[in-house]
There are 2 protein chains.
Amino acid sequence: MSKVPTVYDVAERAGVSIATVSRVLRTPDAVRPVTRERVLGAVTELGYVPSGSARGLAERRTGVLGLYFPGFDALDEAAEFTVFTDDDDGAAGDEFSIVHEAAPPEDAGAATLFLDEVLRGAELEAWRRGFVLMVGVGRGDPATSVARDMAGRVDGLVVLANSVPDDVLERLSARIPIVVLAGPRRGDSNDHVTVSNAQGMAALTRHVLEQTGGRVPSYLAGPVDSPDGAQRWQGFQRAIAEAGLDLADVPVLRGDFSRAAGRRIGDELVRSGLPPALMSSNDQMALGVLDAFAAAGVRVPQDVVVTGFDGIDAAARSHPRLTTVRQPMTELGRAAIEVMARRLDEPDAPPMSVRLPVEVVLRDSSVRRG
Amino acid sequence: MSKVPTVYDVAERAGVSIATVSRVLRTPDAVRPVTRERVLGAVTELGYVPSGSARGLAERRTGVLGLYFPGFDALDEAAEFTVFTDDDDGAAGDEFSIVHEAAPPEDAGAATLFLDEVLRGAELEAWRRGFVLMVGVGRGDPATSVARDMAGRVDGLVVLANSVPDDVLERLSARIPIVVLAGPRRGDSNDHVTVSNAQGMAALTRHVLEQTGGRVPSYLAGPVDSPDGAQRWQGFQRAIAEAGLDLADVPVLRGDFSRAAGRRIGDELVRSGLPPALMSSNDQMALGVLDAFAAAGVRVPQDVVVTGFDGIDAAARSHPRLTTVRQPMTELGRAAIEVMARRLDEPDAPPMSVRLPVEVVLRDSSVRRG
DNA sequence: CAGACCAATGTAACCGCATTCATTTCCGGC
DNA sequence: GCCGGAAATGAATGCGGTTACATTGGTCTG
């Protein structure tokens with residue numbers, strides 16, 4: 001590691017100029033096979049790896065795309081561990097601990113899982129297109145600084161809706177293209193990737209009405225400030241209206257998207273009386289409702305139809321299995337990168353949007369048989 | 001987006017030299033408050049964001065750490081979608097589809113989830129230390145090229161064991177520090193982060209022997225070439241020997257770490273006769289075994305004790321809930337970054353290793369009550 | 001065989017920032 | 001009001017590549 005080799009070293013060793021070395025690496029056909037081999041030999045011998053910084057500076061592009069997410073839930077302090085060198089074998093200290101785990105853990109990280117999938121889709125697509133992905137996660141206020149930090153290093157930035165203040169976003173988009181993920185289409189000039197929240201919820205609502213003979217379902221809404229929640233509510237609204245029902249007859253409950261909230265509301269419903277169907281605006285709450293119903297001996301879907309929204313993994317494994325609308329999470333990430341790629345190709349094209357289709361997944365919690 | 005502002009633009013606008021601009025951004029205290037304000041004003045007005053490439057080149061460090069994983073399972077071709085501009089509202093095309101999902105999906109991506117968690121830990125720690133994280137995923141042969149590609153852009157690279165051929169690794173480590181994750185300690189000069197596989201399995205084995213009154217358990221091994229598998233086997237071996245039992249008496253079965261394999265082996269055991277306990281070298285297989293046992297009406301843990309290893313989420317939700325050894329996945333990522341940070345601080349320190357403790361999680365599948 | 005062209009290679013000018021070293025400004029003490 | 005030293009600022013250089021342009025050496029053509 002004494003000295004990292006540069007083009008100059010390679011050039012000297014191969015007896016050519018640095019321009020030729022550069023050509024061998026970037027446009028191999030432009031150089032005579034003999035010379036090419038000679039240069040490649042020198043590259044191998046020296047273990048030369050081109051500096052991304054220098055290349056990025058010269059080319060005026062980095063080949064890196066950024067993905068910026070709002071924070072994971074802040075984790076606790078780092079567990080301490082001991083570092084040891086390879087002589088010592090580090091035998092000291094606890095190697096394990098034993099825990100009796102009585103109750104199943106509350107499942108917490110739905111949002112996290114969502115992001116993991118998006119990330120995976122983005123990574124895949126980025127790779128296919130020859131980009132590298134840089135991930136940034138915001139934490140509280142310095143979010144802004146992280147985003148700016150990334151902005152200087154990437155050719156384009158994919159931002160999850162609401163993870164960056166609008167004004168910051170605007171400034172960044174003056175420097176590099178921005179693709180906004182999963183947010184509502186705004187009047188801004190950024191590109192957007194969204195999902196068919198409203199359409200999916202409308203389709204699901206029609207299905208539910210069919211199952212309950214057109215009786216008015218209850219609706220379990222999320223936080224008022226959730227754009228996704230708002231779109232889903234719109235879809236619901238539309239389907240209700242189209243069915244000739246009166247929206248005013250719909251009991252609307254409100255939760256915070258958490259499983260606990262669902263449980264609480266489920267308990268309340270058991271006490272106050274069950275609707276023919278309960279349509280939740282996300283899976284977590286629906287699962288909580290199922291918890292409560294199961295505990296109270298309420299039969300789903302016979303006594304009440306229950307549906308969710310999102311398509312998280314746990315929904316496929318609940319008892320009964322939860323009917324839901326699956327968001328194309330991986331696809332979201334992928335589409336974001338694709339849109340970004342187009343934007344980079346054509347910087348001056350008008351703002352683009354992509355709306356991804358959702359999948360209404362009918363499962364036991366909503367399907368009444370024979 | 002006509003022209004991206006640079007230090008020069010900022011300097012001109014603020015009526016100072018570029019050196020001063022640079023100082024304002026890097027060592028604010030070195031410049032008089034009045035000037036500082038003037039410069040910052042210009043920065044804001046111009047929407048200046050420093051170029052990561054230029055900075056990286058000048059500073060000879062990028063502030064980026066790389067995380068290199070072996071490939072996700074190759075995903076299928078991209079789903080197509082339509083891009084529309086903001087004028088048109090893209091109403092055409094399917095907005096959703098409806099699916100009847102009869103059976104619960106096979107759960108596939110355990111390895112993937114593992115990586116997600118590691119990534120999260122790494123991201124967190126990287127952020128705390130002021131680094132940005134670049135993720136790269138290898139796919140098949142070009143894996144090498146991705147890794148090299150990253151090597152030119154980062155200050156240090158964390159690679160998952162076996163994801164990069166040894167010779168490539170060696171060349172890369174000549175350029176930047178490498179931290180090997182979750183692999184066995186080799187004779188190389190890289191830094192390592194590992195998990196107490198053997199110690200965890202030994203502790204778990206002692207627990208099982210206790211539950212079964214010292215009767216010899218069966219062991220369900222994984223693929224022969226899995227280093228983790230080997231370490232776990234060693235721990236098992238040791239515990240058996242220490243209990244005064246004869247290893248030759250232990251029936252050893254072999255699977256491929258998949259749930260299907262576990263199911264197959266479970267079926268076989270039902271037919272051929274149950275051992276007092278079955279210790280699997282990973283969770284997936286253990287879950288498969290539970291599937292088979294449940295289908296056959298075998299009671300766990302009364303008829304047979306079953307244990308896994310890894311601590312995947314599904315293990316906490318199985319019926320009965322699976323006793324296992326939890327790997328500190330998030331911690332692994334975090335530790336890797338921490339080791340990397342130390343290495344960057346002290347490039348010439350001797351090779352470091354960290355071995356993280358595991359957690360033996362006792363659940364219903366192994367605990368026989370009064 | 002000279003002139004024209006083309007392919008292969010070399011030369012040198014950036015790319016945008018950090019930083020060293022020289023220069024200027026500021027301030028307190030007399 | 002002047003002087004000396006510290007603080008603030010500016011000029012110039014290097015980081016490691018890419019690439020436009022110049023140069024060289026051949027090959028082809030008439």
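If you're wondering where the values come from, they're calculated on a predicted model, not measured in any experiment. Proteins come first, then strands; the chains are lettered A, B, ... in the order of their sequence lines, and each starts at number 1. Just so you know, these numbers use all the heavy atoms, side chains as well, and skip hydrogens, waters and symmetry mates.
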Requested in this report: Please lay out, stage by stage, how B:Tyr68 and B:Val158 fare under the test side chain to side chain contact (heavy atoms under 4.5 Å, CB included).
Outcome: CA-CA 6 Å; B:Tyr68 184 78; B:Val158 176; over 6 Å; no
Report the C-alpha separation of A:Arg13 and A:Asp9 in whole Å, then their side-chain angles, then the decisive distance to 0.1 Å, and conclude whether the salt bridge (charged side-chain N to carboxylate O under 4.0 Å, His left out) test is met.
-> CA-CA 6 Å; A:Arg13 177 141 193 161; A:Asp9 302 316; over 6 Å; no
* Do B:Val7 and B:Tyr48 pass the side chain to side chain contact (heavy atoms under 4.5 Å, CB included) test, and can you show the C-alpha distance, the side-chain angles, and the key distance before you say yes or no? -> CA-CA 8 Å; B:Val7 256; B:Tyr48 168 71; 3.7 Å; yes
Given A:Leu356 and A:Leu332, is the side chain to side chain contact (heavy atoms under 4.5 Å, CB included) satisfied, shown in steps?
CA-CA 7 Å; A:Leu356 297 176; A:Leu332 261 177; 3.9 Å; yes
Decide yes or no on side chain to side chain contact (heavy atoms under 4.5 Å, CB included) for A:Leu157 and A:Leu172, but give the supporting numbers first.
CA-CA 9 Å; A:Leu157 195 56; A:Leu172 295 185; 4.2 Å; yes
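Salt bridge annotation for A:Glu125-A:Arg129: present, with a cationic side-chain nitrogen under 4.0 angstrom from a carboxylate oxygen. The pair B:Arg120-B:Glu123 does not meet the salt-bridge criterion, since no charged nitrogen lies less than 4.0 angstrom from a carboxylate oxygen.
Between its two ends, the helix from C:dC1-D:dG30 to C:dC30-D:dG1 turns its axis by 40°, counting five pairs per end and rounding to 10 degrees.
Applying the salt bridge (charged side-chain N to carboxylate O under 4.0 Å, His left out) definition to pairs two or more places apart or across chains, none involves residues 28-42 of chain B.
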Restricting to nitrogen or oxygen on both sides, can you table the protein-nucleotides 23-28 of chain D pairs closer than 3.5 Å?
none

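Between the side chain of A:Arg343 and the backbone N or O of A:Pro347, at least one donor-acceptor pair lies under 3.5 Å. A donor-acceptor contact shorter than 3.5 Å links the side chain of B:Asp155 to the backbone of B:Thr62.
The distance from atom CG of A:Leu115 to atom CG of B:Asp116, rounded to the nearest 0.5 Å, is 10.0 Å.
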Side chains of residues 51-61 of chain B: which donor-acceptor pairs under 3.5 Å do they make with residues two or more places apart or in other chains?
residue	atom	partner	partner atom	Å
B:Ser51	OG	B:Ser53	N	3.3
B:Ser51	OG	B:Ala54	N	3.0
B:Glu59	OE2	B:Arg26	NH2	2.7
B:Arg60	NH2	B:Ala58	O	3.4

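Here chain A contacts DNA chain C (any atom closer than 4.0 Å to a heavy atom, that is under 4.0 Å), and the contacts span C:dA8 to C:dG16 from 5' to 3'.
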B/S/- along nucleotides 6-16 of chain D (protein heavy atoms under 4.0 Å) is --SBBB--BBB
